[in-house]
Every structure is written in structure tokens, then in C-alpha cells.
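First up is the structure itself, then whatever we jot down about it.
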Protein chains: 2
Amino acid sequence: MHKSVPNNSLKTACSTCNLRKLCLPVNLSNIEMARLDDLITRKGVYRHGSILYRSGDKFQALYAIRTGFFKTQILNEDGREQVTGFQMAGEIIGMDGISSDTHTCDAVALEDCEICEIPFNRLEDLGRELPPLQRHLHRILSREIVRDQNIMLLLGSMRAEERLAAFLLNLSQRFAVRGYSPTSFQLRMTRQEIGSYLGLKLETVSRALSHLQESKLINVRNRSLEILCLPGLQACIGKRGR
Amino acid sequence: MHKSVPNNSLKTACSTCNLRKLCLPVNLSNIEMARLDDLITRKGVYRHGSILYRSGDKFQALYAIRTGFFKTQILNEDGREQVTGFQMAGEIIGMDGISSDTHTCDAVALEDCEICEIPFNRLEDLGRELPPLQRHLHRILSREIVRDQNIMLLLGSMRAEERLAAFLLNLSQRFAVRGYSPTSFQLRMTRQEIGSYLGLKLETVSRALSHLQESKLINVRNRSLEILCLPGLQACIGKRGR
DNA sequence: TGTTAATTTTGACATATATCAAGCCGTAAG
DNA sequence: CTTACGGCTTGATATATGTCAAAATTAACA
């Protein structure tokens, strides 16, 4: 585990942030945008391995990822853990905490990250005055629900290789949206973490990756991944499911 | 598939609804409550097997279940289906539709049901005027996220019998909250539907139920279920997980 | 830079769950 | 009351994935 987090915070401007279209695709006037800027503070760098919030922490804010890569995970009473998601720049995390005013999962930085803190009470207040902002918050919450239900589909009905393919295609698509190569990227997580996310053991992940490579659909060497045939990967999903 | 739904609708009063504490546990004045009542219409009975909304339908409203039992399910491109939840009286469904203005799953009545329709735009509008209502909406959305992530944990890390035990305990607890027996109730869904929800085949569900019965933890005969030992069922979860 | 620890791959084997099949039961329709 | 059908149980067998172990590779740290 690494050093924790510097507490210095500086004001951010959503208005000039190049992630705005991902994070807050809302039409606001300059004045309205300034009010939003006023809400949000940029927190210092979260080092690789450090924890943004833990299960049990009091919920106070949502967090927009400015740069870097996070994982979220929940823990059972009996110590089992499940990675519930991998989040990248432009995505918003912390929404699990709203329902009980307490976070129900941990958010861990998988590389050095910068984040913007959005105090939730103030966001709600502002949402009442700016309907498009309110609407956007609802969309974000709902999008998370849809995302989770698709993972339920994956966990409940796909076999190992299909899960891997779906996972890689999802990453690919999210990199593409951010202007990065959809076919060549670094995995920021271990095989064990991928396995936890996909409901598989790390050895199974490794074997499935090797097999996709034998099939000439991907090239994988440690954390670097290259997709050789997107349509092939897509076709992978849905072959002889459960 | 059964007949569809009568279109006659009548005004409902949340103010006098005995499910209010479950559905809308919000402190509002009489005047405020009347405005909420004004929003909501009671739709006619949904017969067993009928469909409240389908994937692809335009999203317009949330639905509060007044009586009865629903399932929600998503379908893959390749026809695989996954039951994503079973919902009972006092619960609210349809939130998947907010993010894209289109429903992403089907909601099917598992018995004859009555539901209240809550037009979403008007709910948002009213939320801007009644902060406690706004807050409650956010909690409901977040609760759904937490619920889904717990199912991910179940699907990703538990073995068949544990999943069954967790499922039965969840039902038990929800019946208890509603004033019904937590140890004796009817299953409203088929083994196949339970299996889909838990990521198992119906035969596996059947065997796991039989085995729990052999262990004297439950009595099950067709759809009637009796829990003989709640602590025993709880202990079931966490024994030799993956 | 050298040393240690962590991660990954691969193999051999074990096991939980799926698959296939048959018969039974209970409800619904005639 | 009889029949038919969908739902359920149980058995035999197949298979995907887990488990255990060792070696190879890479990353972290002193």
C-alpha cells in the first residue's frame, strides 16, 4: 500500500476541461457553468494503490476521474471480494454511497490519478436550479444501473472466453471514445483483478487470453494488449453459451 | 402470454397508501403530498404474464408496485436472457430507462399486479420544488446500484447452494419488512427463472433446493417454501467459496 | 544494480455444474 | 373426470473451470 493523498486542493474549471463532453455533457450558459465550477475542487494526485474511499466511509461527494484508472470492489462478510468495475478518465464514481449515506465499496487507484470532488449536497442544490444538470445526474445514475445489469448478464450467462472478449471489447470501446487506440492499449489491472471482475480465477483468465491469442484475435504480452480482429472478438461472444 | 392491460386509470392517493413507508418514506406536508398524489395514476390490473414494459420501449415513467410480483430481464443479441431482479409490492421499477430514454429490460408480471405510474418528467419537476422528494429519488436510484453490485458479488463468487441460500434469505427479509412471514412463503417464479437470476440451470436449482431440504434447513414442495433454520441458511453462505 | 517479491503462464488433476434423458406431479382445459 | 402440458425431480454422464504446483517473467525495492 502506498502513501496516502495530499490534501491541497485547487479550484477546477469544468468550463475548460477537455473531458467535459464525457463527464458533464450538459448545455449550460457561462454563468451557470461558473456556478458548477464553483462547486468542484480538484484534489491532489492519488498515487497508484491509494484509496479514494472505503466501504463504510461517510458519503459526501461524487468523484470525477480526471486522469488515471480506478477499480471499485466490494467485500463479503467472509472476506470474499468482487471487483465491481474499472473506471477511467471522464467517469464518475461514488454513487453507491447515496442510498445509505455510506460508501458500500472501496475505490482504489490502479495508477496515479487526479480526481475532481463534487460535494453531493451542493450538487443536489444546484440541480434544483439547473434542470439540465439534474437530468444529467439522473442519467448518470441510471447508466450505472444499466451497466451493472449488463455485467449480471455476463456473469450469469457467458463462458470464460466470452467474458474475456466482452471485457476487452468494452475497454476498447471506452478507449476509442477517449481518442485512444481501440486496438492497442495497456491493461492497468492484474489477471487476478480481471478474474474477480469476470467471476473467474486468474489462471482461467490467463488461459483464455492465451487461447484468444492462439486464435489470432489478440496479441497479449503482460499488460500490453493488441486486438487483431475486432469483428472476430465480437463473434466470440454468443458461441455456445450456457 | 395473457391479455394485455385495461387502460382505465384512476387517481391514487399516496397519502392514504399503506405502502407509503416502503415506497416513498419522505416527510411532506399535506399540501406537498397532495401534489405528489396529483402526479401518480393507478393503472388497472396487470394479469399474470403480461408485460409492463419491454426493452426498446420509450421511457416515460417509473412504476411503483402496489400489489403483486414482477420479474425484470434483459436479452442478449444472441437470445440469451438474464433475469435481473424480482420485485414486490412497495418497490419501484423502470429506472433502467432514464439513461437513454429507452427501457433496456422487460418487466413481466409473475402474478396479477396493480401498479402506480409516476411520469418521470413530472417527478423531476416536483423534485426541484420538494428537496426531500428529490433526495428520495436519488436514494432509490443508488439503492438499485448497490443491489445490483451485490448480485454481481453473488454471481461472481458464490457456489450454487450459497446463491440459493442468499436468494431465499433475501426474499425472507423482504417479506418480513412487509409484515409477512419471513419463514413461510410462496415462490412466485419457476426454477428456470430462479436459475436465470442466479446464473444456474434449473436442474441445479432443483438439486440445491433438495439438498438444503436434506440438510433440514428448508422445506420445499413445489412453490411453497418454509425456512426451518434462518441462522443455518446464513451459515450456508461463506462455506468454501470460490 | 542486484535481490526479492509479485505476477503470469502452463500442466496435471479434481470437482462443480451443465447436459441429456426419463418419469412424475400438479394445474388447466376440455 | 380425463387428458394434456408445463414444471419439477432425479440419475448418468460430459465438460468447463477450479485447484494445486512449478517454473518463467517482470516489477519493486534496497
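The basis for the numbers below is simple: all heavy atoms, side chains too, and nothing from hydrogens, waters or symmetry mates. In this text the structure is predicted, and so the values were computed from the model without any measurement. Letters A, B, ... mirror the listed sequences (proteins, then strands); counts begin at 1.
- In the set C:dT8, C:dA18, D:dC20, C:dA18 carries the atom at the smallest distance from any side-chain atom of B:Lys201.
- In this entry the distance linking CZ of A:Arg47 with P of D:dA28 reads 11 Å, nearest Å.
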Stepwise ring-ring contact (aromatic ring centres under 6.0 Å, His included) test for B:Phe86 and B:Phe70: CA-CA 6 Å; B:Phe86 298 108; B:Phe70 274 87; over 10 Å; no
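- Minimum heavy-atom separation, B:Ile74 to B:Thr104: CG2-O, 3.1 Å.
- Across C:dT17, C:dC20, D:dT17, the shortest atom-to-atom separation from the side chain of A:Leu200 is found for D:dT17.
- When the P atom of D:dT17 is taken as reference, atom CG of A:Leu202 falls 15 Å away, rounded to whole Å.
- What you find for B:Ser99 and A:Val146 is that their closest heavy atoms are OG-CG2, 4.0 Å.
- When the C1' atom of C:dT27 is taken as reference, atom CD of B:Gln186 falls 14 Å away, rounded to whole Å.
- Judged by distance alone, the side chains of B:Lys58 and B:Gln60 never bring a donor and an acceptor atom under 3.5 Å apart.
- Side-chain contact annotation: B:Thr72 with B:Gln87, donor-acceptor N/O pair under 3.5 Å present.
- Regarding A:Gln192, its CD atom lies at a distance of 14 Å from the C1' atom of D:dG18, rounded to whole Å.
- Separating the CD atom of B:Glu203 from the P atom of D:dT10 is a distance of 13 Å, rounded to the nearest angstrom.
- Atoms CD1 (A:Ile194) and C1' (C:dT7) sit 12 Å apart, rounded to a whole Å.
- Classified by interplanar angle (parallel below 30°, tilted 30° to 60°, perpendicular above 60°), the ring pair A:Tyr180/A:Phe175 is perpendicular.
- For the pair B:Leu52/B:Val108, no side-chain contact is recorded, criterion being any heavy-atom separation below 4.5 Å from C-beta on.
- Tested against A:Glu91 for a salt bridge (Lys or Arg N to Asp or Glu O under 4.0 Å), the candidates A:Arg66, A:Lys71, A:Arg178 yield a single pass: A:Arg178.
- For DNA chain D, the neighbouring residues in residues 206-225 of chain B, judged by any heavy atom under 4.0 Å, are B:Ser206, B:Arg207, B:Ser210, B:Arg223.
- In this entry the distance linking CZ of B:Arg191 with C1' of D:dT10 reads 13 Å, nearest Å.
- Between A:Phe59 and A:His103, the two ring planes are perpendicular [angle over 60°; tilted spans 30° to 60°].
- Counting only Watson-Crick or G-U wobble pairs whose defining distances are both under 3.5 Å, the stems of 3 or more consecutive pairs in DNA chain D are C:1-30 with D:1-30.
- Rounded to a whole Å, the CD atom of A:Glu111 is 13 Å from the P atom of D:dA28.
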